[in-house]
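Written below as structure tokens is the structure these notes are about.
Labels below follow one simple rule: chain letters A, B, ... track the order of the sequence lines, proteins then strands, and each chain is numbered from 1. Since the model is a prediction, treat every value here as computed from it, not as a measurement.
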Amino acid sequence: MSLDPILERLNAAQRAAVTAPLGPVLVLAGAGSGKTRVLTHRIAWLIQAEGVSPHAILAVTFTNKAAGEMRARVESLLGMPPGVLWIGTFHGIAHRLLRRHWHEAGLVESFQIIDSEDQQRLIKKLIKAQQLDETRWVPREVQWFINSNKDEGRRSKHLKAGNDPIRAQMIRLYALYEDACARSGVVDFGELLLRAFEVWRDQPALLEHYRQRFRHVLVDEFQDTNTIQYAWLKLLAGADGCPFVVGDDDQSVYRFRGARVENLQQFGRDFPAVKLFRLEQNYRSTGAILAAANGLIANNAGRLGKTLWTSGEQGEPIRLYAAFNERDEAEFVCQRIRDHVAHGGLHRDVAVLYRSNAQSRVFEEIFLAARMPYRVYGGLRFFERAEIKDALAYLRLIANRRDDASFERVVNLPTRGIGAKSLETIRAAARDAACPLWAAARACLGDALGPKASEALRGFLELIERLADEVKGLALHEQVDRMLTVSGLIEFHKRDKADRGEARVENLEELVSAARGFNADALETDLPPLEAFLAHVTLESGEGQADAWEDCVQMMTLHTAKGLEFPIVFLCGMEDGLFPHQRSIGDLDGLEEERRLCYVGMTRAMKQLYLTYAEQRRLHGIDSYSQPSRFIKEAPEELIEEIRPRLQVSRPVASGRFAREPSHEAVPVRRALSASRSLRSEPPPMPGMRLGARVRHGKFGEGVILNLEGSGPQARVQVNFERQGTKWLVMQYANLEPL
DNA sequence: ATGATGATATTTTTT
DNA sequence: ATATCATCAT
């Protein structure tokens, strides 16, 4: 058999990793170095050269998209569908295991998965039921407490409160939440992982079976694994498995959701026989872009060490644009994209990247006005829309009468006269009897509830029963369709005034299509189609793949951009406080993560990279002034070319780069004459009194100048004092001392 | 049961 | 500025 097709397109380092002898392997793969390629080729190599059965291979990713891509690439490499080979997300695979071994895992056979919104609702309910003050016990925080403990493999019974009453209450809520989930037969995302881990840990025979079966585990984006995912992998690999993990410590940007870069080092300790490979040749970016990214990331301590290089061209310098404000920033980007398109480029070559979603707004406004086609990634996904979740709640209730969250969601939707008071009665009854709401509701009929409420409730219960009965044996999409009509959901939204209602009806119809296109076999379980569909829908909340191929400017957060590449990248909002984000600045780990995020952003660019920042930005309704991001200064100065010649005035930092001669690049007339420019070219009222400068006040202490008005001694100045907050002062009397 | 009012918070996100 | 959410009045 010829192995050429597998190896011929690999460089030496990639080839070494792909053909590594069986055993633990760690591949440190820099951005754009062919990480996924190595992973997929390794799979092909195992099958074709090592004679490993596809049956024995498990490939794990974090997102459905990555899993899909990997499957497609393996298929094209092998020239056939990889068949029994398991490729999936951590959650998807855990789910599959739990479906097979629901009994051993201590679950009910028909367990359903809830997403984080459902989870939060449930927690909120628990807090209310405990009569706790919601301002002190914030559902989001309790949710975070529960999830992060699950991520670390800790159940409520493992936690000690010590002398901390707040913690004690948290633990209590965690325990209550566990009970509630068990009673409702639902499982959250973290639970999938934790259960899958526990079922192996506690059932040696089962574990042994899977160890024998999956001798070859491959993991993508290993730096994003959390504690429980890693523990699960370690269990599976055992002492003599062959885990093959690929990751990049410099691209670890999910610490906030439990990812632990340390797992990379830990891997080496846990598998002493590990073979380490580094992929440092980058095939994506120009020399200048790589050098800038390398220079930046070199500021992080404790890296595993890796320097990207390219044999390609140095390319154009990185361009830096200092905008007056966020509109100017967006207009600049817009203009540059126009130029690109005017020269025959495509809109979709261009990505506008930013730190936080809110920043997309201004760009959207400007692009809209300029008739520039764009697409914003992120935001609500299909299956997360309220009307879809309502419909799913009906389906869940049909599938599982014990699902309290779904019961609450739709018992009075469309409104049928079951108000808060009736619901409270039902809840109380459920609490007393320790039974699901459904059963409690039955018991309350005509007894605890008045005749009117009873009638309404009976209507609801019968509706569900009737639906469940009627829908049996129908094709999945007919079940969905029937439910939508009989429940009155469609009618309900049709009555809603035009705009929103119409879109919702369309979405509901889209749900029917989704059901029609759903292939239940994919899960490889004997689950009835409806249950399989519900599980699928929660686990894959639906990428907005619709118009992905239209020729649009791509807009997304830096996090979303990870794993993607674009010929032209604009990294926008490069301001201290925005990026790095204010909340990360104080803390070294946080700052380093922001830096990695910047590194990720820069290395998305293939040909051209722009960095932009706004000196003035309207944020949360107030204007604020900021320093250019420290990350700008961390990239080698000689690689960066400033686009706009700066005036001496509004330059917050007098560092070498910002003080140097204006570049010779033409300044658009419109911009040179813009109003904000002329306002800003007023001379500072006093030496050292400029925007962003630090000053000391006799009474208020130290602060930063936010705004200047007028000139001479009558000038007024706005200062943000560290202690006293923001104040307007008259220069003449303020006696400010420049620092 | 719907709509007005006011308080509050506002990184990043997958599953 | 704005979005979300709770509470209250209608």
Under 3.5 Å, which N/O atoms of the protein pair with N/O atoms of nucleotides 3-10 of chain C?
residue, atom, partner, partner atom, Å
C:dA3, OP1, A:Arg361, NH1, 3.3
C:dA6, OP1, A:Lys124, NZ, 2.4

Atom pairs and distances, side-chain donor-acceptor, residues 188-197 of chain A, under 3.5 Å, sequence neighbours left out:
residue, atom, partner, partner atom, Å
A:Asp188, OD1, A:Lys150, NZ, 3.4
A:Asp188, OD1, A:Gly190, N, 3.0
A:Asp188, OD1, A:Glu191, N, 2.6
A:Asp188, OD2, A:Gln119, NE2, 3.3
A:Asp188, OD2, A:Lys150, NZ, 2.7
A:Asp188, OD2, A:Tyr177, OH, 2.6
A:Glu191, OE1, A:Lys150, NZ, 2.6
A:Glu191, OE1, A:Arg155, NH1, 3.4
A:Glu191, OE2, A:Arg155, NH1, 3.4
A:Glu191, OE2, A:Arg155, NH2, 2.7
A:Glu191, OE2, A:Arg195, NE, 2.7
A:Glu191, OE2, A:Arg195, NH2, 3.3
A:Arg195, NH1, A:Ala105, O, 2.7

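Atom-to-atom, CG of A:Asp623 to P of C:dT2 comes out at 13 Å; the value is rounded to the nearest Å. At whole-Å resolution of the value, CG in A:Leu597 and P in B:dT12 are 11 Å apart. Atom CD in A:Gln143 sits roughly 13 Å away from atom C1' in B:dT14 (whole-Å rounding). Put simply, CG on A:Leu353 is 14 Å from P on B:dT12, counting in whole angstrom units. A:Asp118 has its CG atom 13 Å from the C1' atom of B:dT15, to the nearest Å. Separating the CD atom of A:Gln616 from the P atom of C:dA1 is a distance of 14 Å, rounded to the nearest angstrom. As a whole-Å value, the separation of A:Phe256 CZ from B:dT15 P is 13 Å.
At a threshold of 4.0 angstrom between heavy atoms, the contacts of A:Phe62 are confined to the sugar-phosphate backbone, with no base atom among them. Residue contacts for A:Phe90: at a heavy-atom cut-off of 4.0 Å it reaches no nucleic acid atom on any strand shown. Heavy atoms of A:Asn412 sit under 4.0 angstrom from primed sugar atoms or phosphate atoms, though from no base atom.
Residue A:Arg355 places no side-chain N or O under 4.0 Å from the OP1 or OP2 atom of B:dT12. In this structure, A:Asn64 reaches the B:dT15 phosphate: one of its side-chain N or O atoms is under 4.0 Å from OP1 or OP2. For A:Asn357, a side-chain nitrogen or oxygen approaches OP1 or OP2 of B:dT12 to under 4.0 Å. At least one side-chain nitrogen or oxygen of A:Arg381 sits closer than 4.0 Å to the OP1 or OP2 atom of B:dT14. Residue A:Thr560 places at least one side-chain N or O under 4.0 Å from the OP1 or OP2 atom of B:dT13.
In terms of the side-chain hydrogen bond (donor to acceptor under 3.5 Å, both in side chains) criterion, residue partners of A:Thr560 (sequence neighbours excluded) are, by chain and number, A:Thr557. For A:Arg140, the side-chain hydrogen bond (donor to acceptor under 3.5 Å, both in side chains) criterion is met by no residue, not counting sequence neighbours. Annotation: side-chain hydrogen bond (donor to acceptor under 3.5 Å, both in side chains) contacts of A:Glu593 (sequence neighbours excluded): A:Arg596. Every side-chain hydrogen bond (donor to acceptor under 3.5 Å, both in side chains) that A:Asn300 has, sequence neighbours left out, goes to A:Arg595.
In this pair, A:His581 does not lay its aromatic ring on the base of B:dT12; centres under 5.5 Å and planes under 30 degrees do not both hold.
In terms of polar N and O atoms assigned as donor or acceptor, the side chain of A:Thr557 never comes within less than 3.5 Å of the base of B:dT11 in a complementary pairing.
The pair A:Lys389-A:Asp115 meets the salt-bridge criterion, since a charged nitrogen lies less than 4.0 angstrom from a carboxylate oxygen.
The heavy-atom pair separating A:Leu619 from A:Ser624 by the smallest distance is CB-OG, 4.4 Å.
Each of B:dT13, B:dT12, B:dT15 was ranked by its minimum atom distance to the side chain of A:Leu539; first place goes to B:dT15. Of the listed nucleotides (B:dT12, B:dT11, B:dA1), B:dT11 has the atom at the smallest distance from the side chain of A:Ser584.
With no hydrogens or angles considered, a side-chain donor-acceptor pair links A:Gln616 and A:Tyr625 at under 3.5 Å.
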